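Fair warning: this is a prediction, and the values are worked out from it, not measured in the lab.
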Protein chains: 2
Amino acid sequence: MMASDVWKEYESNEISHSVAHHLTAIHELMGDLGYARVSDVARALEITRGSASLTLKALKARGLVVEDHNKFLKLSEDGRRIVDSILAKRAVVRKFLNEVLKLDEHQAEVDACKVEHLLSAQTGGQLLHFVHFLLSDDPTAQQFLAEFWSKLDQNEEWQWPVQDVDQLFNLESR
Amino acid sequence: MMASDVWKEYESNEISHSVAHHLTAIHELMGDLGYARVSDVARALEITRGSASLTLKALKARGLVVEDHNKFLKLSEDGRRIVDSILAKRAVVRKFLNEVLKLDEHQAEVDACKVEHLLSAQTGGQLLHFVHFLLSDDPTAQQFLAEFWSKLDQNEEWQWPVQDVDQLFNLESR
DNA sequence: AACCATTGTTTTGCTAATAAAACAACTGGT
DNA sequence: ACCAGTTGTTTTATTAGCAAAACAATGGTT
């Protein structure tokens, strides 16, 4: 039975996908150009200036973005904190998908981009610990990865989607 | 530099979060009650009948839901296929977060629910292979997990979010 | 000065997903 | 037969996020 309070938490996120990319665009523009204006954000995201203007106005009202005396944008302390957490999650998810699960880079990039703003801080932190150990020079980790990859090559295939995943795991693993 | 075609793929998904849960609600109601009507879906999702009626009308138009001569709903072949892929992704992600990363069950449930409809079939399949091997009785997998968990307990902590994840991985891991 | 490009904003309209409320149709109890 | 409850739909309104278009302000070129 689905706890109905679970699926509704999707909307009650700190930030939306759109907001996440408005904020990260400002961050990247500050690095690339040294500044970020409404038009620069709009260009980076390939949306109209009007759309960016409205979204950024809301972000200024929320205190995530601050504006110069000359319409130059900057991340606030809170905005910077959010961008850091998003970029960290994106990086670790991309790394996991690409370097562990061996998905091609574009697929890893796309999927990481889709989930980066949805994962909790706990999940991001635990995943970071996991991937860090997995890709370290620890011999156990390296042996494990080698065996996993060799199994991948052996093409032991289920047809996806699997009907009952729990059954595949022998049911008693709880 | 963000490839701007990447982040826009977020909207171009086969199904939305809302649609995913309308479909899975029908699936679960069929199992629990043996039938599923508009009101049953609305109750299960805790939304109004009006909202469910409109969304389900669109799903009928898309051919994912079919309607009885007496307003009883059923998944079509396509709808069933989508539900299968969603439930499989949800199950494997939940299992990974809870049983590998040791996140509490509620957090695992919530995060899995958020990303289930966003992951590609490739990602779902690869993650299934990975978790299946990781939780198998293969001694290498078990040893790896034991070491990982012991490291977790040792509380080697970064402050999250980590500023530069790539730096943490020594940069040269590609 | 006249012109043009760029910038930022505002207004209007669109879609998806919801709530709220009104309504019609059916069902069951008395 | 009547009343009450349930069901499904429609209409109206809201919010987030976009486009398109109009507009004003600035800045540079000739």
Less than 4.0 angstrom from a charged side-chain N to a carboxylate O is my criterion; do A:Glu46 and B:Lys8 meet it? no
For a quick check of understanding: with a heavy-atom distance under 4.0 Å over all strands, which category does A:His22 fall into, base, sugar-phosphate or nothing? sugar-phosphate
Hey, could you give me each pair passing side-chain hydrogen bond (donor to acceptor under 3.5 Å, both in side chains) that has a residue in residues 123-132 of chain B? Not counting sequence neighbours. A:Asp111-B:Thr123, B:Ser120-B:Thr123
Between N or O atoms, less than 3.5 Å apart, protein on one side and nucleotides 10-16 of chain D on the other: list the pairs.
from, atom 1, to, atom 2, distance (Å)
D:dT10, OP2, B:Lys57, NZ, 3.1

Taking atom types as modelled, is there a side-chain donor on A:Glu116 or A:His21 under 3.5 Å from an acceptor on the other? yes
Length of the line joining B:Tyr10:OH and D:dG17:P, which is rounded to integer Å: 10 Å
Contact interval (first through last nucleotide) of DNA chain C with protein chain B, 4.0 Å heavy-atom: C:dA17 to C:dA19
Is the B:Phe144 ring parallel, tilted or perpendicular to the A:Phe133 ring (thresholds 30°, 60°)? parallel
A:Asn70 CG to D:dA25 C1', in whole Å, measures 13 Å
Send over the distance from A:Arg37 CZ to D:dA25 C1', rounded to a whole Å. 14 Å
Less than 3.5 Å apart, which donor and acceptor atoms pair up between the side chains of residues 54-67 of chain A and the rest of the protein, not counting sequence neighbours?
from, atom 1, to, atom 2, distance (Å)
A:Thr55, OG1, A:Ser51, O, 3.2
A:Lys60, NZ, A:Glu67, OE2, 2.7
A:Arg62, NH2, A:Glu14, O, 2.9

List in chain and number order the residues that pass ring pair (Phe, Tyr, Trp, His ring centres under 6.0 Å) with B:His117, two or more places apart in sequence or in another chain; answer none if no residue qualifies. A:Tyr10, B:His17
Just jot down the side chain to side chain contact (heavy atoms under 4.5 Å, CB included) partners of B:Arg37, sequence neighbours excluded, or say none. B:Tyr35, B:Asp40, B:Arg43, B:Phe72
Interatomic distance, A:Leu59 CG vs D:dC18 P [rounded to whole Å]: 11 Å
Write down the distance between CG (B:Asp40) and P (D:dT7), rounded to a whole number of angstrom. 7 Å
Pairing of A:Lys114 and B:Glu9 as salt bridge, 4.0 angstrom limit: no
